[in-house]
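Worksheet for the structure shown next.
Order of listing sets the numbers, starting from 1, for every ligand and every atom in it. What you see is a predicted model, and the numbers here were worked out from it, not measured in a lab. Hydrogens, waters and symmetry mates play no part in the numbers below; they use all other heavy atoms, side chains included.
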Amino acid sequence: MTIKNVSVIGGGTMGNGIAHIFALSGYKVTLIETKQEFADKALTTITKNLNRMVAKEKITEEAKEGGLANISTSLDIRDGVSGADLVIEAVPEDLGIKTSVWKAVDEAAPSHAVLGSNTSSISITKLAALTSRPQQFIGMHFFNPVPVMRLVEIVRGLETTDEVYTAIEETAKALKKVPVPVNDMPGFVSNRVLMPMINEAIFAVYEGVATPDHVDQVMKLGMAHPMGPLRLADFIGLDVCLDILNVLHEGFKDPKYRPCPLLVKMVDAGKLGNKTGEGFYSY
Ligand code: CAA
């Protein structure tokens, strides 16, 4: 199974990072967006992040230019996946959106294509069942910022074949990432462990135990986390955190995953973290 052409659906925070690392590693990337302005914004972000890597002498100017030359954009999902060996979907964590995306991909992608989702918590088996080829479906879960974080959680659905698993494991290594295999359960491993910690940090604020800054100082200085849990929640997006906690809560039917009412209220108020300029902190 040879992977050369990769279609990335969605150019948001995760999608542009995924396109960035594939292009820099020599893959031909088609970045698929719904509007030209979103595609342009993704390319601007990729260029900015590549320039940052040049400035830090992590890559050369030629490598940057080569990476950028490997990326083309498409506003038509069917057209954009028609030559793909691997499709990676990085659209919002909304089952309705993901359903229409995967139906379209299934109609238009070549029969040999591996279908991968960057979902952070939706069941891979459920997404795979939206297509006529669940054996070729797999979770390829990257972490933000994608060019920096070394982990790729590789999630096997119920029917994922060993051949597809191995191809994706090799691909992750070719991207200089570390693949870690996990089975398909709510939140996989990453968010099953991370989100309860973030939720508990929010409860600590909600119950008046400490301010956001003091909660974060405890975790940064006492546990050597690079960011405190509330700064990290803002960075991930409070809406995304809430969605993932809801998936855990509904998936396990266990009250220990109940989202903190303060998190629900902040999302209702549109305070979603870095992307809206306000969350537990102002930006
Ligand atoms: N592209 C390329 N390089 C980038 C980058 C980007 N988008 N963002 C940061 N960098 C690089 C910087 O150039 C810098 O490189 P050097 O070490 O060579 O100087 C390095 O990353 C660190 O960046 P900064 O010095 O600007 O800032 P920092 O030291 O505060 O680190 C951070 C920033 C890497 C984000 C760090 O705070 C961190 O690791 N935070 C935790 C991030 C995390 O937990 N991510 C996972 C979130 S969960 C998720 O994504 C999945 C999910 O399902 C919810």
Say whether Lys28 and Asn5, considering side chains only, have a donor N or O and an acceptor N or O under 3.5 Å apart.
no
What do you reckon, is NZ of Lys275 surrounded by more than 12 foreign heavy atoms closer than 6.0 Å?
yes
Tell me, please: is His20 in heavy-atom contact with ligand 1, that is, under 4.0 Å?
no
Atom 35 (C) of ligand 1 [closest protein heavy-atom partner, distance rounded to 0.1 Å]
Pro145 CD, 3.8 Å
Which segment of Val146 sits under 4.0 Å of ligand 1 when only heavy atoms are counted:
neither
Heavy-atom distances under 4.0 Å are what count here, so tell me which part of Asn144 touches ligand 1: side chain, backbone, both or neither.
both
What atoms of ligand 1 come closer than 4.0 angstrom to any heavy atom of Asn191?
52 (C), 53 (O), 54 (C)
Cation-aromatic face contact Arg231/Tyr281, 6.0 Å, 45 degrees:
yes
To the nearest 0.1 Å, how far is atom 37 (O) of ligand 1 from its closest protein heavy atom, and which atom is that?
Met227 CG, 3.6 Å
Between His141 and Ser190, is any pair of side-chain heavy atoms under 4.5 Å apart?
yes
Starting from atom 44 (O) of ligand 1, what is the nearest protein heavy atom, named by residue and atom, and what distance separates them?
Leu232 CD1, 3.5 Å
Logged contact type for Val240 with ligand 1, heavy-atom cut-off 4.0 Å, is neither
Taking side chain as C-beta onward, heavy atoms only, is Ile124 less than 4.5 Å from Ser117?
yes
Out of Pro226, Ser120, Gly228, whose heavy atom is nearest to atom 36 (C) of ligand 1?
Pro226
Within reach of ligand 1, part of Lys58 (heavy-atom separation under 4.0 Å)
side chain
For the residue pair Asp40 / Gln36, report whether a side-chain donor-acceptor contact shorter than 3.5 Å exists.
yes
Going by atom types alone, do Thr161 and Gln135 pair a side-chain donor with an acceptor below 3.5 Å?
no
State, without any angle test, whether Ser120 and Glu93 hold a side-chain donor-acceptor pair at a distance under 3.5 Å.
yes
Counting heavy atoms only, name the option from Leu194, Thr119, Val148, Leu151 that's nearest to atom 11 (C) of ligand 1.
Val148
Have Asp85 and His112 got a donor and an acceptor in their side chains that come within less than 3.5 Å?
yes
closest protein heavy atom to atom 26 (O) of ligand 1 is Arg52 NH1, 4.0 Å
Can you report which non-hydrogen protein atom sits closest to atom 51 (C) of ligand 1, along with the distance?
Phe143 CD2, 3.4 Å
Can you confirm whether the side chains of Asp106 and Ser132 place a donor and an acceptor under 3.5 Å from each other?
yes
Number the atoms of ligand 1 from 1 as they appear, then name those within less than 4.0 Å of a heavy atom of Lys56, with their elements.
13 (O), 14 (C), 15 (O), 16 (P), 18 (O), 19 (O)
Just jot down the ligand 1 atoms closer than 4.0 angstrom to any heavy atom of Asn49, in number order.
1 (N), 6 (C), 7 (N)
Does the protein place any heavy atom closer than 4.0 Å to atom 49 (C) of ligand 1?
yes
Evaluate the 4.0 Å heavy atom contact test for atom 15 (O) of ligand 1: does a protein atom fall under the cut-off?
yes
